[in-house]
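Shown next, in structure tokens, is the structure this report addresses.
Computed over heavy atoms, backbone and side chain alike; hydrogens, waters and symmetry mates excluded. Predicted model only: the values in this text are computed from it and were never measured.
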Amino acid sequence: MAKKVLIVEDDEFLRSLTAKRLEKEGYEVAVAVDGESANGIAVANKPDLILLDLLLPGIDGFEVLKRARADEVTKNTPIIVFSNLGQREDIEKAKGLGANDFLIKANFTLDDVIEKINTTLK
Amino acid sequence: MLESAKESLYANLWVIRARWYYICAVLFLGFLANFDQSREAGHVLSAQVMLILFALSLLCNLFFYLEARAIEKHGFFGRVKFLSVSQIAVELVFLTGIMFAVAEFKTIVPVLFFIPIIESIVLFDRVGPAVVSFVSGVLVNMILILGVLLVPEKQSDFWPLFLTNTAPITIVYMIIGFFASFLAHLLKGRGQVLMAQTVEQAGHVKELENLNKQLEQKAGELYAKDVELTLANQRLQTLEAAKSKFIAVTTHQLRTPLAAVKWTFDLVIKEQLGPLTPDQKEFLQKGYQSAQRIITIVNQLLNAGSFDKTDEEQMNFVQVQFTELLSSVVFEFTNQSESKNIKLEVLMPSKNLPLITLDPEKVRMVLENLIDNAIKYTPKNGAVTITVDDAKINTVNPSIDVVVADTGIGIGPEDQKKIFQKFYRAANAVQIEPDGTGLGLFIGRDIIIKHHGAMWFVSEPGKGTKFYLTLPINQPKQ
């Protein structure tokens, strides 16, 4: 059965690029475009992994992360924080709230991301 | 001059006040004389005459008093001398008159004349008392002689009297005059010294007051400056915070579209959207490299901004498989090196490395910077070799050594001294790459030092450069 990945990303271009790439890799993809809907969609779709952007309209990624970890359904789902915030405090905070990993979009190519996901879901 | 005149005036006033008392004393003595039975007829002043004299002398003293007050009030200090002289003169006349009329009190006569002499010590300087003594002496002698001459019975006593009394009296008065003038001078001297001291002290006091005023002024200025500086500091801090925020926000905002650009290029170059002609591929690779360069600069700016508050707390140490980190970095540069036909090679140790405690994001930056430089500054068909050495893994302070070696333009001796400085770029580097921040090595070395490691290099212009990194396996416990 194909693994499911939930992409939480507000930038349309990046979201579609990532989704396309993931589908090519054989993953099933679900998307959320803002913080509000992210947790709801996660609970509904029960993904195997969540790619979470931090800078989101409405409630931010940290909040989504917190809520996800508080919810029964998603509390153990691997979450890779996937953002362009890169200051140490941000990384700390994300890890502290229960993120499994932290990637800076600008520093990695999509292939790197795919590799990361593959490794995490192995 | 004014001060001495004032002093003189007060001396005069003192004499005038004293005189009230001794006029009464003299009157009393006069009355005593009246009750003396052994008086000689005709030489005694009747009570009325004495009272008249008494009244007259009181009047004169009152006159002197009023004159002195007038001088004091209106400041006619020129008249003080005249007042002194007239006092003495009038007194001498009075005394002479009285003594002459009351010839019985021969013994009293010389004593009473001491009064003007004493007054003159207070009123005058050297000359006054001497003169007054002399005059007194003359007057006393005159009284004695005339007292004898006017009494027919005693006229034969004249010469013996003259010889036995006059000479000693004269001598005595001269001696008195000498001492009196000495005393007067001493007093005046003392007075002058005191006055000088007072003036000096007044001068000191004024000086101190001035200084105090100046100090107060300076204190006021300092306080104002302090307020100014505090305000300026606050403004600076606000500016600093605003600047940091600006850089952070801007760079973060830039990173998102940059990631998009990078990914797009990557996608197309890897021919995942269809095959490419070699030309297309070459140009797209250039685009990708540019995007990567911008990302690097943005990262550097972000970090240079945060390096103003340099301290080790900024390091986010985690345990990392170094070989993986290095591989992923090298991977980023495959396109870049291929386009220049530079052989990019990584030599790993045969055994697996243990996990190393480091800040992956920061170390990634350092590696990226070194490899980027190596490729950038190596001409076509060169080679960049990255070696990881685990020779020191089993030592007391285990560490790994990384060498990034290139066959590039090298760093000249003058530049070598400055190459780690913030914003410094060597001329030959600028020629190859006009746009560069000069921050890479500065930040890189700072990061490695914060990892308790070391970074150095060896270079030969025209031949190549080798950058050395040492990273300890473990970080000291906080």
Distance-minimising heavy-atom pair for B:Met365 and B:Ile443 | CE-CG2, 3.8 Å

Tell me, side chain or backbone of A:Asp53 under 4.5 Å from chain B's heavy atoms, or both, or neither?
-> neither

Does any heavy atom of chain A fall under 4.5 Å from the side chain of B:Glu332, the backbone, both, or neither of them?
-> side chain

In terms of heavy-atom proximity below 4.5 Å to chain B, should A:Thr18 be classed as side chain, backbone, both, or neither?
-> side chain

Classify the side-chain pair A:Tyr27/A:Asn118 by whether it contains a donor and acceptor separated by less than 3.5 Å.
-> yes

Distance-only polar pair, side chains of B:Thr437 and B:Arg425, donor-acceptor under 3.5 Å = no

Expected output: side-chain A:Arg69 to main-chain A:Thr74 donor-acceptor under 3.5 Å | yes

Comparing B:Val318, B:Asp266, B:Thr256, B:Leu267 against chain A, the one with the most heavy-atom pairs below 4.5 Å turns out to be B:Thr256

Reported NZ-to-CG distance for the pair B:Lys270 and B:Asn335, which is rounded to 0.5 angstrom | 7.5 Å

Can you say whether A:Leu17 sits under 4.5 Å from chain B via the side chain, the backbone, both, or neither, judging by heavy atoms?
-> side chain

Assess the side chains of B:Gln272 and A:Lys24: does a donor N or O sit below 3.5 Å from an acceptor N or O?
-> no

Under a 4.5 Å heavy-atom cut-off, does chain A meet the side chain of B:Thr264, its backbone, both or neither?
-> both

If we ignore angles and hydrogens, is there a donor and acceptor under 3.5 Å between the side chains of A:Asn107 and B:Asn299?
-> yes

Side chain from CB out, backbone as N, CA, C, O: work out which of these in A:Phe102 comes under 4.5 Å of a heavy atom of chain B, or both, or neither.
-> neither

Contact origin within B:Phe265 toward chain A - heavy atom pairs under 4.5 Å | neither

Could you have a look at A:Val113, A:Ile104, A:Asp112 and say which one has the most heavy-atom pairs with chain B under 4.5 angstrom?
-> A:Ile104

